[in-house]
Protein chains: 2
Amino acid sequence: MTTSEGLEALAALRGALERSSTAERVADALRERIIDGDLAPGARLSEEALGQALGVSRNTLREAFRLLGHERLLVHRFNRGVFVAVPELEDVVDLYRVRRALELDAVRRADRAPQGAVARVGAAVQEGEAAAGRGDWWGVGTANMRFHQALAALADSPRTDEVVRRLLAELRLVFHAMAAPRDFHVPYVALNRRIHRLLEEGRLQEAADELADYFDTAERQLVEAFSAEPG
Amino acid sequence: MTTSEGLEALAALRGALERSSTAERVADALRERIIDGDLAPGARLSEEALGQALGVSRNTLREAFRLLGHERLLVHRFNRGVFVAVPELEDVVDLYRVRRALELDAVRRADRAPQGAVARVGAAVQEGEAAAGRGDWWGVGTANMRFHQALAALADSPRTDEVVRRLLAELRLVFHAMAAPRDFHVPYVALNRRIHRLLEEGRLQEAADELADYFDTAERQLVEAFSAEPG
DNA sequence: TCATGAGGATTGTTGAACAATTCACCGATC
DNA sequence: GATCGGTGAATTGTTCAACAATCCTCATGA
């Protein structure tokens with residue numbers, strides 16, 4: 001084999017090889033616990049206690065806090081500490097405003113999507129159907145997130161991917177803060193399937209219209225849940 | 001006056017009262033120097049040297065680095081240090097993809113814009129005209145940024161504001177990395193004026209179409225500049 | 001010319017220290 | 001009884017010094 005062949009094959013692994021700092025690993029761990037709801041919205045994260053529990057120094061922990069603060073999962077109040085963010089009604093509205101702009105744009109331009117992007121949307125739909133089949137409502141929610149992440153990926157834009165990932169993580173926080181997340185996700189599985197089918201057939205505008213409807217009803221439902229049980 | 005009246009009036013000031021940390025102030029200073037071009041793309045920022053120059057400890061400086069890293073103005077290479085980001089061709093394309101989605105959406109929905117938002121667009125246009133009048137091409141660029149920030153603000157969405165602010169800061173980096181930024185901005189002043197007039201008259205779709213044209217030509221121009229002088 | 005180490009420089013991370021600030025508690029006062 | 005004010009503990013903001021881990025340079029050797 002030629003040298004260039006070997007080097008090219010190796011270059012693909014470079015991303016995986018990059019070691020991550022402890023701060024990033026700590027941030028990953030905390031992010032997971034926040035998204036899973038182990039750390040409830042509003043909970044305060046003590047530097048000393050958490051640092052001791054995770055076995056890292058205060059300085060490193062603070063770096064992790066910054067990372068999650070920029071993802072809006074934590075709010076940092078000066079001289080008061082960091083807290084798990086508590087989504088408000090306005091946040092829900094804002095989240096959906098940005099999602100509408102980005103995801104709808106991605107769907108409408110899906111004809112320029114990279115190879116296999118539509119297939120990944122389909123995989124997320126299937127994952128959601130499987131979770132719904134075994135009554136795993138939280139798994140349905142996870143699949144739903146993956147579905148929308150895959151929609152955003154149709155734009156073939158790293159920055160869109162990053163922004164949407166952050167928005168969806170925040171949305172998980174909203175689910176934890178609202179009244180009855182149990183029955184929220186399941187009804188959307190069928191709609192996701194429909195959107196994916198339209199994408200496969202290249203009927204992009206129709207897919208975008210369906211998605212717009214999805215946003216409208218989901219937002220309305222969340223707003224109602226928030227009005228019922230104020231934060 | 002009633003108690004609730006007074007409290008409500010005071011609540012509006014709360015944001016301004018929040019003191020900022022040293023790390024944030026350091027980040028502000030560095031951001032300015034990067035945007036103004038004093039710190040060229042690719043330049044390495046030594047922790048020790050910079051910390052000494054700014055009179056802050058390494059820890060604090062590293063916090064500032066994280067902040068700017070998340071704005072993509074700095075890139076952090078593990079065990080190697082932080083560098084001023086060097087925009088590539090793909091970055092230009094990606095920046096414009098996201099701007100198209102967000103700014104066009106904001107303009108199309110400008111009928112729901114908050115009070116005075118269109119006026120702020122007009123103020124940015126005027127600022128650009130004034131700068132062009134006195135031959136201050138860099139001032140024209142600054143006014144241009146403010147114009148687009150004002151367009152994004154039509155969406156009345158804090159998250160849109162934040163994302164667009166980051167995109168525009170990155171774009172400034174692109175200007176520094178390209179060949180001839182001097183003549184780039186001025187031609188767009190007239191177009192900005194036209195877009196603002198259409199907004200005032202409520203002809204939103206036409207305004208969006210003009211803006212889309214703007215994006216197309218500006219992107220093409222930048223891509224050409226990059227092909228001519230590869231980074 | 002190319003590979004190989006050795007050494008120096010820089011970053012990653014920790015721990016401790018001190019100042020500044022907040023919070024909770026407890027009297028004092030009206 | 002409620003509010004105001006102050007004291008002190010607890011927590012955060014920031015710095016400093018130290019050491020390990022890693023990278024880069026450069027001289028050396030084949």
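Both backbone and side-chain heavy atoms feed into the values below; hydrogens, waters and symmetry mates do not.
Put simply, CZ on Arg66(A) is 7 Å from P on dG13(D), counting in whole angstrom units. To the nearest angstrom, P of dG12(C) lies 13 Å from CZ of Arg25(A). For the pair Phe78(B) CZ and dA21(D) C1', the interatomic distance rounds to 9 Å; values are reported in whole Å. Summarising the geometry, the separation between CZ on Arg80(B) and P on dC23(D) is reported as 6 Å, rounded to the nearest angstrom. Rounded to an integer number of Å, the gap from Phe65(A) CZ to dG13(D) P is 10 Å. Remark: P of dT11(D) and CG of Leu45(A) are 14 Å apart, rounded to the nearest angstrom. Distance Asn79(A) CG to dA19(C) P: 15 Å, rounded to the nearest Å. The interatomic distance linking Glu47(A) (CD) with dA20(C) (C1') rounds to 14 Å, in whole Å.
Evaluation of the salt bridge (charged side-chain N to carboxylate O under 4.0 Å, His left out) test over residues 114-125 of chain A, restricted to residues two or more places apart or in two chains, returns none. Pairs of residues two or more places apart, or lying in two chains, never qualify as side-chain hydrogen bond (donor to acceptor under 3.5 Å, both in side chains) while including a residue from residues 32-45 of chain A.
Side-chain atoms of Asp156(B) and Arg112(B), non-hydrogen and from C-beta on, never get closer than 4.5 Å to each other. With contacts defined as side-chain heavy-atom distances shorter than 4.5 Å, the pair Leu73(B)/Arg172(B) does not qualify. By the 4.5 Å heavy-atom criterion applied to side chains, Leu167(B) and His148(B) are not counted as neighbours.
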Between the protein and nucleotides 17-19 of chain D, list every N/O to N/O distance that falls short of 3.5 Å.
from, atom 1, to, atom 2, distance (Å)
dA18(D), N6, Arg58(B), NH1, 3.4

Check nucleotides 5-7 of chain D against the protein and report each pair of N or O atoms closer than 3.5 Å, with its distance, or say if there are none.
none

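In this model, the phosphate group of dT12(D) is not approached by any side-chain N or O of His76(A) to a distance below 4.0 Å at OP1 or OP2. The shortest distance between the side-chain N/O atoms of Arg44(A) and the OP1/OP2 oxygens of dT12(D) is below 4.0 Å. Residue Ser46(B) places none of its side-chain N or O atoms closer than 4.0 Å to OP1 or OP2 of dT10(C).
When the nearest nucleotides of DNA chain C are assigned to Ser57(A) and Glu48(B) by heavy-atom distance, the more 5′-ward of the two goes with Glu48(B).
Every residue meeting the salt bridge (Lys or Arg N to Asp or Glu O under 4.0 Å) condition with Asp91(B), not counting sequence neighbours, appears here in chain and number order: Arg159(A). The salt bridge (Lys or Arg N to Asp or Glu O under 4.0 Å) check on Glu127(A) picks up Arg146(A), with sequence neighbours excluded.
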Q: Using the side-chain contact (heavy atoms from CB on, under 4.5 Å) rule, take Val140(A) and Tyr188(A) through it: C-alpha gap first, then chi angles, then the decisive distance, then the call.
A: CA-CA 9 Å; Val140(A) 174; Tyr188(A) 296 109; over 6 Å; no
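Cation-pi contact between Arg77(B) and Phe83(B): present, with separation from the ring centre below 6.0 Å and deviation from the ring axis of at most 45°.
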